[in-house]
Amino acid sequence: MKQDLMKLIENMGQIKKRFHSVGGQSMPVHNIIYDDSEFSLWKQEVQLELQEIFDRTHDQFIWDILIIVKQGFNSWKDEKSFNDLQGGLQAIYKNIDKYYPKSEQDTELLEENRMAIRKPKIFISHATKDKDYVAALVNLLEDIGLRESQVFCSSASGYNIPLDEDIYDYLKKQFNEFDLHVILVLSDHYYESVASMNEMGAAWVLQKKYTTILLPGFEFKEIRGAINPRKIGLKLDNDSNDVKEKLGQLKDTIIDEFGLETIRDVRWEQKRDQFIKSITEIRAQQSIGEEAMQILQAACEALDGTIIKTADLSGEYLQIRNKEFITSQDRKNVVRWYGGLDELVDKGLVEPKGDKGQIFTVSKRGYDYIEQSK
């Protein structure tokens, strides 16, 4: 409460003394604090106090400070994060009465007003590279009965960010003004996206309810970050009966949250099966060609997973261990195999090493693809 937060802010000077240096001997020297147990305890207590304020007020300044507390400390930028946090907490200290109502009656009134204003909304957090899958999901939400104003999805026309809006300001507005149900569409692409990971972190900080949907090829054991990996989610390439059951649960949850009319079973089953068919077709479209598959299989079988692309006066070559794929210097044949390699690179199944474009190695996604193809 008020006195607890004020005491935590007053203790910042003592906490700052917990900084210590790491590095040296040709390594950059950094002053860090993230690994200090006393700082970690203090930070968690500050986070709890700020979270309580935000839950009551949805103040944007409190939001910004919460983000610093949660995401700002990762060793190399600890000093900057601490300075930003210190400035923010001192500003809160000077205006402390703004954030605490005078009585319990005021607290209840604030909560009633907040709940009256905040309407439910679906926010689909996803990577841009997965937009085809997400488009199918948006269509399913429409079939359940949601309108454009009840869904926010950055890659879907009509559901995305309006013209001239700042993307991060608009996203913050969604979290502040709506009772969001976040759908996290997880994949390798998701974890490669900084924006997606920030969305996940925001959902965690604000304690939003969330549903996880795992795209084909992504496993439960690969879930990491701020969300609970043990929470049951929907895996789109699981057993057909499991997928149908989980989709039915999602449908019932959305109907209840938004007060929608119940869908007749026959109509729902048609729309559900159409969605599952769309997912299967999208996955098939993302499969690789014959040449790419042969190259990837051979590379996965090689101990080091290395592909060598070379050229000299005698011709152009593509090798994995002792296997040569370009057996004829006929230009059509050369282009066919080079095209297979380019396809693997474009889909992230192999990765170039160095800057000469001669050496490539199989990525984790490449090994997973072959394993799932067996």
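Atoms CZ and CD, on F73 and E79 in that order, are 11.0 Å from each other to the nearest 0.5 Å. Of the inter-residue distances, the one linking K121 atom NZ with D179 atom CG reads 12.0 Å to the nearest 0.5 angstrom. Summarising the geometry, atom CZ belonging to F61 is positioned 11.0 Å from atom CG belonging to L66; distances are rounded to the nearest 0.5 Å. The OG atom of S363 sits 12.5 Å away from the NZ atom of K347 when rounded to the nearest 0.5 Å. Taken from CG in D59 to NZ in K98, the straight-line distance is 4.5 Å, to the nearest 0.5 Å. Summarising the geometry, atom CD1 belonging to I288 is positioned 6.0 Å from atom CD belonging to E343; distances are rounded to the nearest 0.5 Å.
Heavy-atom minimum distance, I279 versus P216: CG2-CG, 4.0 Å. Counting all heavy atoms, side chain and backbone alike, I53 lies closest to I62 at CG2-CG1, 3.9 Å. Closest non-hydrogen pair, V138 versus C153, comes out as CG2-SG, 4.1 Å. Here the closest non-hydrogen pair linking S81 and I68 is O-CG2, 3.7 Å. A pairwise comparison of heavy atoms in L341 and I295 identifies N-CD1, 3.8 Å as the closest pair. A pairwise comparison of heavy atoms in I9 and L89 identifies CD1-O, 3.4 Å as the closest pair.
Taking the side chain as every heavy atom from C-beta outward, R264 and W268 never approach each other to under 4.5 Å. Between L137 and F275 the shortest side-chain heavy-atom distance falls below 4.5 Å. With contacts defined as side-chain heavy-atom distances shorter than 4.5 Å, the pair I276/L247 qualifies. Residues L8 and W42 meet the side-chain proximity criterion, which asks for heavy atoms closer than 4.5 Å. A heavy-atom distance below 4.5 Å is not found between the side chains of L48 and D4. The closest side-chain heavy-atom distance from I92 to L50 is below 4.5 Å. Between I254 and Q150, the closest side-chain pair of non-hydrogen atoms is not below 4.5 Å. With contacts defined as side-chain heavy-atom distances shorter than 4.5 Å, the pair Q329/V334 qualifies.
Put simply, the side chain of D130 never gets that close to the backbone of Y133: no donor and acceptor are under 3.5 Å apart. Of the possible polar contacts, none joining the S193 side chain to the A127 backbone as a donor-acceptor pair under 3.5 Å is found. In this structure, the side chain of Y367 does not engage the main chain of V362 through any donor-acceptor pair within 3.5 Å. Between the side chain of S125 and the main chain of I183, no donor-acceptor pair closer than 3.5 Å is present. For R224 (side chain) and E222 (main-chain N/O), a donor-acceptor pair under 3.5 Å exists by modelled atom type. Although no hydrogens or angles enter the test, the distance criterion places no donor-acceptor pair under 3.5 Å between the side chain of N238 and the main chain of L234. At distances below 3.5 Å, at least one donor-acceptor pair connects side-chain atoms of D237 with backbone N or O atoms of G217. Distance alone, capped at 3.5 Å, places no donor-acceptor pair between the R56 side chain and the Y100 backbone.
S328 and N333 are not linked by any side-chain donor-acceptor pair at a separation below 3.5 angstrom, with hydrogens and angles left out of the test. A side-chain N or O of D55 and one of Q51 form a donor-acceptor pair less than 3.5 Å apart.
Geometrically, K16 does not engage F19 in a cation-pi contact defined by less than 6.0 Å to the ring centre and at most 45° from the axis.
For D84, the salt bridge (Lys or Arg N to Asp or Glu O under 4.0 Å) partners are K80, not counting sequence neighbours. Residues forming a side chain to side chain donor-acceptor pair (under 3.5 Å) with E291 (at least two apart in sequence, or on another chain): R336.
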Kindly list each side-chain donor-acceptor pair under 3.5 angstrom involving residues 305-315, sequence neighbours excluded, with atom names and distances?
| residue | atom | partner | partner atom | Å |
| --- | --- | --- | --- | --- |
| T306 | OG1 | D304 | O | 3.3 |
| T306 | OG1 | D304 | OD2 | 3.4 |
| D312 | OD1 | S314 | N | 2.8 |
| D312 | OD1 | S314 | OG | 2.5 |
| D312 | OD1 | G315 | N | 3.2 |
| S314 | OG | Y317 | OH | 2.7 |

Let's go through I320 and Q294 carefully: what are the C-alpha distance in whole Å and the side-chain angles of both, what is the deciding distance for side-chain contact (heavy atoms from CB on, under 4.5 Å) to 0.1 Å, and is it a yes or a no?
CA-CA 11 Å; I320 298 174; Q294 290 187 40; over 6 Å; no
Set out, in order, the CA-CA distance, both residues' side-chain angles and the distance that settles salt bridge (Lys or Arg N to Asp or Glu O under 4.0 Å) for E316 and R331, then state yes or no.
CA-CA 10 Å; E316 297 173 281; R331 190 60 193 165; 2.5 Å; yes
Given side-chain contact (heavy atoms from CB on, under 4.5 Å), test I33 with I15 step by step and report yes or no.
CA-CA 9 Å; I33 198 173; I15 295 298; 4.2 Å; yes
Would Q274 and L140 count as a side-chain contact (heavy atoms from CB on, under 4.5 Å) here? Give the steps.
CA-CA 9 Å; Q274 183 178 337; L140 182 65; over 6 Å; no
From CA spacing to verdict: side-chain contact (heavy atoms from CB on, under 4.5 Å), D242, K235
CA-CA 9 Å; D242 180 71; K235 191 174 189 307; 5.6 Å; no
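By the criterion of side-chain heavy atoms lying less than 4.5 angstrom apart, applied directly or through intervening Ile, Leu, Val, Met, Phe, Trp or Tyr residues, Y93 is grouped together with Y99 in one hydrophobic cluster. Linking ILVMFWY side-chain heavy atoms closer than 4.5 Å, directly or via other members, places W337 and V335 in two distinct hydrophobic clusters. At a threshold of 4.5 Å between side-chain heavy atoms, the hydrophobic network of Ile, Leu, Val, Met, Phe, Trp and Tyr places L41 and V46 in two separate groups.
Between F82 and F39, the ring planes are tilted. Angles from 30° to 60° get that label.
Using a cutoff of 4.0 Å between basic side-chain nitrogens and carboxylate oxygens, K244 and E269 are not scored as salt-bridged. Between D143 and R272 there is no salt bridge, since no side-chain N of the basic residue sits under 4.0 Å from a carboxylate O of the acidic one.
Of the listed residues (K131, K129, R365, H126), just one forms a side-chain hydrogen bond (donor to acceptor under 3.5 Å, both in side chains) with H189, and that residue is R365.
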